[in-house]
Amino acid sequence: MTKIINVKTSKDSYPIYIEHGLKTNWASYIKQLLRGEKVAIITDSNVGPLYANELKASLENLNIKSCIFIISAGEKSKSISNYENLATKLIEDNITRSDLIIALGGGVVGDLAGFVASTLLRGIDFIQIPTSLLAQIDSSVGGKVAVNLPIGKNLLGSFYHPKAVLIDPEVLQTLDKRVLSDGMAEVIKYACIKGESFFEFLEEYDLDSISGQFDKLISTCCQIKADIVERDEKENNDRMLLNFGHTFGHVIESNFNYEVYTHGEAVGLGMLYIANLGERLGLTKLGTSDKIKTLMLKYNLPIDYPKMDIEAVKAIIAHDKKSIGEKINTIFIRKIGDSFIYPEYIDALIEK
Ligand SMILES: NC(=O)c1ccc[n+]([C@@H]2O[C@H](COP(=O)([O-])OP(=O)(O)OC[C@H]3O[C@@H](n4cnc5c(N)ncnc54)[C@H](O)[C@@H]3O)[C@@H](O)[C@H]2O)c1
Ligand SMILES: [Zn+2]
């Protein structure tokens with residue numbers, strides 16, 4: 001049965017459909033939402049060969065014209081030059097405001113295609129078909145779209161919601177194990193900030209056995225994110241809770257030039273760091289960091305915090321979007337499933 005989660009936004013609402021095997025119906029969902037004549041499928045060089053032709057063929061069966069645009073797989077593609085290339089090609093292809101853009105891929109494709117959709121001709125409808133675990137539980141929900149600037153990630157972007165999110169957990173079968181593990185770090189994050197029983201559920205499985213539980217896992221995460229986004233669409237308050245583990249996660253990613261740790265691996269280490277610190281500051285129940293560490297091991301995530309230069313760490317945190325003068329809004333947890341925002345001095349966060 002298709003699980004439907006509605007995300008309410010300030011202006012509108014849109015559905016997330018989750019079902020094993022949903023991909024056989026992608027085209028009919030698209031047909032329902034298409035106001036114009038054609039569909040532009042934006043995908044990457046890994047996902048395209050696996051799923052784009054199948055989607056194009058099933059659209060053709062419903063007499064819908066479509067075109068496939070492929071970008072190279074990887075974070076480097078979330079660039080202004082790709083944005084310009086795609087925008088130009090779509091205009092050359094005579095796209096109109098009533099047509100539809102489909103983001104078929106992981107978070108890179110979702111963020112880039114979403115940003116193109118949000119700006120081209122002042123806004124074209126788009127649908128997210130997320131294919132990585134991270135995209136299915138996080139980046140496709142909530143309306144943040146962006147590209148990177150050479151000086152930093154996601155600096156050029158907007159809030160622009162899709163018309164629908166179509167999730168088929170079956171496509172995760174072709175995902176690389178490290179990329180799957182990467183997504184699991186964000187799943188663990190949801191459990192830490194909002195779901196004690198969800199955390200206990202995750203403890204019953206590991207990276208291999210969890211695949212039988214993807215439908216439940218994805219709908220739980222999407223529901224948590226939808227609830228948070230509904231309360232705080234523009235990240236003034238509660239949406240910040242989703243940044244648990246991210247301050248030090250970004251420090252690690254940036255300190256190693258985004259080459260050594262994946263985003264999820266770094267976020268996992270960031271969660272452990274804050275849980276440990278919270279225990280020492282008396283903000284977090286003792287034993288919480290051990291619980292997180294045990295769960296991370298089950299999902300093949302690294303647990304050893306790397307050595308970094310303190311001054312370099314301070315400099316990275318000072319540039320974080322969440323810092324306000326000498327303090328930074330940091331997310332701590334009282335215990336598993338119970339998170340809060342705590343403005344703390346940057347100096348007090350860094351271990352000497
Ligand atoms: N907008 C948001 O709210 C939000 C939230 C979190 C992350 N993000 C962004 O998401 C991006 C990371 O997303 P990601 O981890 O999905 O990265 P990604 O899009 O690079 O995908 C990871 C890898 O998996 C491949 N892949 C994806 N689906 C596949 C499938 N079904 N089978 C085989 N290979 C597949 C991709 O080609 C890529 O090589 C970052 O740019 C990050 O900034 C955005
Ligand atoms: Zn993240």
Side-chain angles (χ1 to χ4, degrees), residues 74-83 107-108 110-112 114-115 118 134 138-139 142-159 182 185-186 189 192-193 228 232-278 281 283 302 304-333 339-352:
E75 184 68 30
K76 284 204 172 71
S77 283
K78 238 175 81 174
S79 62
I80 300 216
S81 63
N82 261 336
Y83 167 78
V108 165
D111 279 14
L112 172 68
F115 187 58
S118 79
L134 180 125
D138 189 357
S139 61
K144 280 191 189 175
V145 293
V147 295
N148 302 326
L149 289 181
I151 51 161
K153 280 189 62 170
N154 297 326
L155 292 178
L156 197 64
S158 55
F159 286 95
D182 179 62
E186 300 278 2
K189 176 195 77 180
C192 287
I193 60 167
I228 289 179
D232 176 23
E233 198 172 329
K234 299 277 166 74
E235 197 168 324
N236 297 313
N237 208 310
D238 256 21
R239 193 163 178 172
M240 279 193 250
L241 298 175
L242 295 167
N243 291 325
F244 178 53
H246 279 62
T247 300
F248 282 86
H250 284 150
V251 166
I252 296 171
E253 283 185 288
S254 165
N255 189 70
F256 293 93
N257 278 326
Y258 298 86
E259 281 162 2
V260 180
Y261 297 89
T262 67
H263 175 70
E265 289 167 354
V267 166
L269 290 166
M271 293 193 288
L272 264 187
Y273 183 94
I274 287 294
N276 263 311
L277 183 69
L281 297 175
L283 298 168
D304 294 320
Y305 195 77
K307 286 208 168 30
M308 290 180 282
D309 176 69
I310 289 182
E311 292 311 314
V313 170
K314 276 189 196 166
I316 298 169
I317 295 184
H319 280 103
D320 193 303
K321 276 183 284 204
K322 298 176 292 297
S323 46
I324 317 150
E326 289 174 10
K327 286 189 172 181
I328 181 160
N329 276 325
T330 308
I331 312 307
F332 282 90
I333 51 175
S339 50
F340 62 104
I341 306 165
Y342 188 78
E344 178 58 291
Y345 282 99
I346 294 175
D347 269 353
L349 291 174
I350 297 170
E351 279 186 295
K352 300 289 182 305

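By convention here, the first residue in the shown sequence is residue 1. All heavy atoms count here, side chains included; hydrogens, waters and symmetry mates do not.
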### Query
Has the side chain of Asp111 got a donor or acceptor atom that lies under 3.5 Å from a matching backbone atom of Ala146?
no
### Query
Parallel, tilted or perpendicular: which fits the ring planes of His250 and His263, with parallel below 30° and perpendicular above 60°?
tilted
### Glu186 versus Val267, closest heavy-atom pair with distance
OE2-CG2, 4.1 Å
### Task
Search all heavy atoms of Ser158 against all heavy atoms of Ser118 and return the closest pair with its distance.
OG-OG, 3.0 Å
### Query
Hey, does Ser79 have a side-chain heavy atom less than 4.5 Å from the side chain of Val147?
no
### Task
Give, for atom CD1 of Ile328 and atom OG1 of Thr247, the distance between the pair rounded to the nearest 0.5 Å.
4.5 Å
### Task
Hey, could you give me the CG/CG distance between Asn276 and Leu281, rounded to the nearest 0.5 Å?
10.5 Å
### Message
Taking Leu349's backbone N and O only, do any of them form a donor-acceptor pair with Tyr273's side chain (distance below 3.5 Å, no angle check)?
### Response
yes
### Query
Taking the six-membered ring for Trp, are Phe332 and Tyr342 parallel (under 30°), tilted (30 to 60°) or perpendicular (over 60°)?
perpendicular
### Task
Flag yes if more than 12 heavy atoms outside Phe340 fall under 6.0 Å of its CZ atom; otherwise flag no.
yes
### Message
Could you walk me through whether Ile316 and Met308 satisfy the side chain to side chain contact (heavy atoms under 4.5 Å, CB included) test, starting with their C-alpha distance in whole Å, then the side-chain angles of each, then the deciding distance to 0.1 Å, before giving a yes or no?
### Response
CA-CA 11 Å; Ile316 298 169; Met308 290 180 282; over 6 Å; no
### Task
Using a 4.5 Å cut-off on heavy atoms from C-beta on, say whether the side chain of Ile341 contacts that of Ile331.
yes
### Task
Working to the nearest 0.5 Å, report the span between CG of Leu277 and CD of Glu344.
7.5 Å
### Taking every non-hydrogen atom, the tightest pair across Gly270 and Phe248
CA-CB, 3.9 Å
### Ile228 side chain reached by Asp232 side chain, heavy atoms, under 4.5 Å
no
### Summary
Correct closest heavy-atom pair for Asn82 and Ser77 would be ND2-O, 2.9 Å
### Query
Do Lys78 and Asn154 touch side chain to side chain, with heavy atoms closer than 4.5 Å?
yes
### Query
Distance from Glu235 atom CD to Leu241 atom CG, nearest 0.5 Å?
9.5 Å
### Task
Report, as yes or no, whether the 6.0 Å neighbourhood of atom CG on Asp309 holds more than 12 heavy atoms from other residues, nucleotides or ligands.
yes
### Considering all heavy atoms, the nearest Ser339-Ile333 contact
CB-CG2, 3.7 Å
### Query
Quick one: are Leu272 and Tyr305 in side-chain contact, heavy atoms under 4.5 Å?
no
### Minimum side-chain heavy-atom gap Ile317-Ile350 below 4.5 Å
yes
### Message
Taking CD1 in Ile324 as the centre, count heavy atoms belonging to other residues, nucleotides or ligands within less than 6.0 Å. Is the count above 12?
### Response
yes
### Candidate pair Val313 and Asn255, rule side chain to side chain contact (heavy atoms under 4.5 Å, CB included), full reasoning
CA-CA 8 Å; Val313 170; Asn255 189 70; 5.5 Å; no
### Message
Counting C-beta onward and ignoring hydrogens, is there a side-chain heavy-atom pair between Lys314 and Asp347 closer than 4.5 Å?
### Response
yes
### Query
Heavy-atom distance under 4.5 Å between the side chains of His246 and Met240, does that happen here?
no
### Query
What closest approach, in Å, do Gly268 and Ala185 show between heavy atoms, and which atom pair accounts for it?
N-CB, 4.4 Å
### Task
Could you walk me through whether Cys192 and Phe244 pass the side chain to side chain contact (heavy atoms under 4.5 Å, CB included) test, one step at a time?
CA-CA 8 Å; Cys192 287; Phe244 178 53; 3.6 Å; yes
## Note on the structure
Distance col, row Asp320:CG vs Asn243:CG, nearest 0.5 angstrom, shows 8.0 Å
